[in-house]
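Here's the structure we're looking at; comments come further down.
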Amino acid sequence: MPSVLAAIAILLGLASAQTITNFSNFSESGNLLTSPNIRNQTFTPSGSSITVTTATQHANGVVGQETFLTNEFPILTTGDRITVTLTSATFNNNADTVGLAVASTEIPTSRSNILVWGWRSGSMYLTNFDASSANTTATTAYPASGRPDAVFIERTATGWTLGSIKGSTVTIHYTNITTVAGTPTTTITANRSAIGLYSDMRTDTSTWTVSNLTRSSAVPPPPPPPPVNYLPLVSFLPVSDGNEATDENGYAGSATNSIAFIQDNLITVGDQQFIAYYGQHATDPNQTNNRSVIIARRNVNESLWQVFPTSFVISTAEINNTHCVISFAIDGNGFLHISWGMHATVHGLIPPRYAKSTTSVLGTAPISMVAGQMTGQENVVTYPKYLTLPDGDLLFLFREGGSGSGDWYLNRYDTATSTWSPVHANSNRIHQPFMKGTGDSPSNCFYPDRMTLGPNGVLHLAGPFRNSAASFQTNHRYVYLRSPDQGVTWQRSNGTAINLPAVERVGFAGLPAAHLPEIVKDLPQNHSIMNESGMTTDSLGRPIIANWWADNAASGDNTRQYHIFFHNGTNWQQRTVSARNIDKPTDQYGGTGPGLSVSFMGRPIVITDSADRIIVLYNDNRFPGITAVFSEPLAQDPNRIKWTRMNLTHENLGFWEGTYDETRWKQDGVLHMLYQKLPGMGASYSSQNNATPVSVLEWDAYAYFNNPGQLTLDTTTTPGQATVWAPAHAGFRYDLRTNTHLNFSAPPVGTRNGDGTLQNFGTWPTTEQRRFWRIERTEEASNDL
């Protein structure tokens with residue numbers, strides 16, 4: 001991918017946060033300034049800058065004390081700091097001193113009421129001169145060999161602070177100084193106090209040179225670099241109506257609000273976003289809306305939600321069964337259709353739980369739902385999946401039967417007639433399965449991944465088969481089928497037709513090979529294959545599948561990894577997109593037996609962006625938080641060999657799995673996911689009533705992948721130095737070029753590989769008149785999974 005550039009040009013004397021006034025090294029030899037004399041110079045404030053006008057030369061041969069103070073210097077207020085650097089010195093008398101001074105009078109004519117902080121021949125020192133010209137001195141622990149690079153005086157809210165700087169280390173030596181010792185004691189205040197350079201040379205052979213007299217104005221210092229766990233453009237939007245008297249928490253005793261196979265519980269239509277979840281009051285176990293379906297709506301440019309509790313309440317047993325999910329869709333007329341609380345092992349419902357809004361939900365009118373039925377033929381429904389078609393009609397995919405013995409059906413909603421009908425039916429209009437798993441022994445059940453509509457209108461399905469309800473280890477044989485006519489007919493990727501109903505094997509229910517879907521990979525049982533996972537397409541409409549299984553189980557290695565299948569236009573390819581090392585290889589369940597609690601792996605979701613990067617997101621117990629793995633753009637790496645992993649978040653979410661707003665993603669390249677902390681995987685979970693806040697996580701992936709590199713110039717932390725920082729996003733290489741004449745042909749002075757942190761690219765002195773920097777960002781996968 002071509003590099004993207006960011007350039008920054010700094011005239012070092014005109015930086016906005018503070019001004020560095022470079023006096024080109026003041027040199028004094030026996031009280032003689034060989035560079036411009038500053039005893040009578042004028043310090044003229046202009047905004048945040050200081051202009052120095054050269055005045056007279058000092059007379060030759062004078063030995064004694066000098067204090068270069070002036071009332072023209074800006075009055076120091078809280079947060080102001082004056083720093084000076086001693087670049088060389090020869091002291092021929094222990095009384096020789098040079099440094100900074102602050103006085104309580106505007107222009108001191110003697111040594112009265114002066115606080116001096118600086119260097120002596122053998123140490124750092126602090127001297128106070130009072131009105132009687134008496135002085136007291138305190139020395140620091142610095143020997144001459146360890147003398148710091150600079151000293152500073154800073155005005156605080158409670159007095160004066162004196163400190164020193166060596167390298168990048170700032171040391172505070174004295175704080176809260178408010179008076180000068182002696183008789184009488186004189187207060188040193190910030191009001192009209194003069195400040196500047198001070199020297200007291202007792203021999204003509206003493207010399208000193210200072211540079212970089214710097215005033216840091218009272219502006220907040222730049223924030224420190226973020227921690228290693230740098231969040232890449234992620235934000236969180238709580239579901240809240242802004243009323244503290246109401247409670248918008250969601251049920252968190254199970255993961256039923258956030259299972260990856262939900263299609264969908266977060267949807268954008270136009271400029272409005274909708275979310276659906278089971279509510280639960282934070283503290284009241286008897287609150288009316290507990291375990292009820294909650295629907296909320298907001299404008300996408302606003303943070304507050306309109307929240308509409310419904311009368312649809314499910315039992316404790318149902319809400320703790322993570323199959324009893326909420327799925328909904330909005331048709332082309334703006335009506336919301338919703339299903340909830342259905343799993344064959346809990347109960348069979350005739351008709352299933354289904355409701356439709358009484359009016360369009362688009363706009364500002366309250367949302368009101370009324371329960372009803374679809375065709376009236378649905379029976380013992382599980383895994384409700386909705387899909388809005390381009391013409392505004394809806395598809396409804398569902399299973400009848402149970403795990404290891406189930407059939408799959410499609411219904412279609414017609415917006416013109418406001419009615420549901422089966423997509424496949426016999427001559428009596430009785431619905432028929434398009435994927436059959438009952439009626440033979442052994443029976444089976446197909447487990448489709450996300451129902452996906454490609455950019456060319458082709459409908460895609462893929463997934464494994466399962467033979468037994470007792471264990472997901474009977475999952476096997478990944479297959480694929482597609483429909484060019486929105487589910488009416490089905491075919492393989494080469495365009496050959498699949499006769500309906502599709503079945504697992506030749507001879508099932510007496511059906512021949514023409515009824516078999518395309519085999520993506522003939523994985524056998526006992527490979528820890530998960531079901532109901534992620535699917536999408538690239539911009540060419542070619543399918544991409546994401547799931548997890550143990551690819552080497554047949555050889556005794558049961559380590560589970562996340563994998564993808566993608567079709568390259570000719571055949572299927574497989575890539576592994578994790579490097580998990582925490583399973584027990586000899587155990588099919590990761591080392592914890594048939595229960596998946598400790599060895600939890602969240603089902604992945606998979607998406608592609610405008611550059612056809614493949615992005616896989618999942619939550620497992622290798623890293624806390626949400627892991628994002630992404631390829632390079634398709635044009636840059638068509639074989640999908642190069643991958644980068646990063647943590648999108650770092651909070652342990654327990655048994656959370658990702659659901660996302662597909663419309664928002666396709667429209668704007670912004671990923672929205674329902675975000676809710678749940679128990680499990682060692683998460684710290686202290687909810688009083690199995691309730692936690694529900695939020696929408698927003699990752700601006702488009703900005704992450706497409707914005708140019710950004711530079712931050714820090715000239716405050718270390719006076720006299722300019723440090724370049726840049727956020728180094730994972731998946732990119734960063735090259736820094738710099739010069740003083742806008743010619744960037746020279747090789748980079750610094751190269752960093754993105755790791756998700758803010759990185760230091762180097763430091764330059766601020767004595768230069770000007771300097772230019774440019775950052776170049778090149779997409780380059782890390783292959784560190």
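Basis for what follows: all heavy atoms, side chains included, without hydrogens, waters or symmetry-related copies.
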Query - Derivation of the side chain to side chain donor-acceptor pair (under 3.5 Å) call for Ser258 and Glu657 - result: CA-CA 5 Å; Ser258 56; Glu657 291 183 350; over 6 Å; no

If I take atom [atom1] from residue [X] and atom [atom2] from residue [Y], how far apart are they, to the nearest 0.5 angstrom?
X	Y	atom1	atom2	result
Ile267	Ile275	CD1	CD1	10.5 Å
Arg645	Ser782	CZ	OG	7.5 Å
Asn739	Ser745	CG	OG	8.0 Å

Would you say [X] and [Y] make side-chain contact, with heavy atoms under 4.5 Å?
X	Y	result
Asp661	Thr663	yes
Val300	Gln272	no
Pro765	Gln721	no
Asn647	Ile626	no
Met673	Trp665	no
Asn547	Tyr562	no
Phe761	Trp725	no
Leu671	Leu617	yes

Sequence-distant partners of [X], salt bridge (charged side-chain N to carboxylate O under 4.0 Å, His left out), two or more places apart:
X	value
Asp620	Arg580
Asp668	Arg664
Arg298	none
Arg450	Asp264, Glu662

Using the test ring pair (Phe, Tyr, Trp, His ring centres under 6.0 Å), find all partners of [X] that sit at least two apart in sequence or belong to another chain.
X	answer
Phe630	Phe705
Trp764	Trp773
Phe565	Tyr478, Trp549
Tyr660	none

Query raised in the report: Does NZ belonging to Lys642 count more than 12 external heavy atoms closer than 6.0 Å?
Result: no

**Report entry** Residue Phe623 excluded, over 12 heavy atoms near CZ under 6.0 Å
**Finding:** yes

Report task. List the steps, then state whether side-chain contact (heavy atoms from CB on, under 4.5 Å) holds for Val629 with Ile615. Result -> CA-CA 6 Å; Val629 178; Ile615 305 170; over 6 Å; no

Requested in this report: Classify the side-chain pair Ser533/Arg603 by whether it contains a donor and acceptor separated by less than 3.5 Å.
Outcome: no

Residues which pass side chain to side chain contact (heavy atoms under 4.5 Å, CB included) with [X], listed by chain and number, not counting sequence neighbours:
X	answer
Phe152	Arg81, Thr83, Glu154, Ile165, Val170, Ile172
Asp241	Asn243, Thr246, Glu248, Val307
Ile641	Arg575, Asp637, Asn639

Query - Six-ring centre of Phe732, Arg777 cation under 6.0 angstrom, axis tolerance 45° - result: yes

Query raised in the report: Does the pair Gln561 and Ser578 meet the rule for a side chain to side chain donor-acceptor pair (under 3.5 Å), with working shown?
Result: CA-CA 6 Å; Gln561 304 290 357; Ser578 68; 2.6 Å; yes

Sub-3.5 Å donor-acceptor pair from the side chain of [X] to the main-chain atoms of [Y], do we have one?
X	Y	result
Thr757	Gln759	no
Trp305	Phe274	no
Asn299	Glu302	no
Thr608	Ile614	no
Tyr675	Leu237	no

Taking all non-hydrogen atoms of both residues into account, name the closest pair between [X] and [Y] and its distance.
X	Y	result
Leu266	Val696	CD1-CG2, 4.1 Å
Asn652	Lys677	O-CE, 3.5 Å
Gly658	Ile605	O-CG2, 3.3 Å

Query raised in the report: Using 4.0 Å as the upper bound for N to carboxylate O, is an ion pair formed by Arg613 and Glu632?
Result: no

Query - Side-chain ion pair, Asp735 and Arg733, N-O less than 4.0 Å - result: yes

Requested in this report: Go through the steps to decide whether Ile582 and Asn621 satisfy the test side-chain contact (heavy atoms from CB on, under 4.5 Å), and finish with yes or no.
Outcome: CA-CA 8 Å; Ile582 57 177; Asn621 55 353; 2.9 Å; yes

Report task. Applying side-chain contact (heavy atoms from CB on, under 4.5 Å), run through Ile153 and Thr161 and close with a yes or a no. Result -> CA-CA 6 Å; Ile153 295 180; Thr161 291; over 6 Å; no

Requested in this report: Verify side chain to side chain donor-acceptor pair (under 3.5 Å) between Arg640 and Ser631, making sure each step is shown before the conclusion.
Outcome: CA-CA 6 Å; Arg640 309 297 196 183; Ser631 71; 3.3 Å; yes

Query raised in the report: side-chain contact (heavy atoms from CB on, under 4.5 Å) between Thr738 and Phe772: does it pass, once the steps are laid out?
Result: CA-CA 5 Å; Thr738 184; Phe772 303 91; 5.7 Å; no

Query raised in the report: Can you tell which of His563, Gln574, Arg560 makes a side chain to side chain donor-acceptor pair (under 3.5 Å) with Asp551?
Result: Gln574

Requested in this report: Under the side chain to side chain donor-acceptor pair (under 3.5 Å) rule, what do Thr723 and Thr763 come out as? Steps first, then yes or no, please.
Outcome: CA-CA 4 Å; Thr723 303; Thr763 299; 3.1 Å; yes

Query - By side chain to side chain donor-acceptor pair (under 3.5 Å) - contacts of Thr659 (at least two apart) - result: Asn265

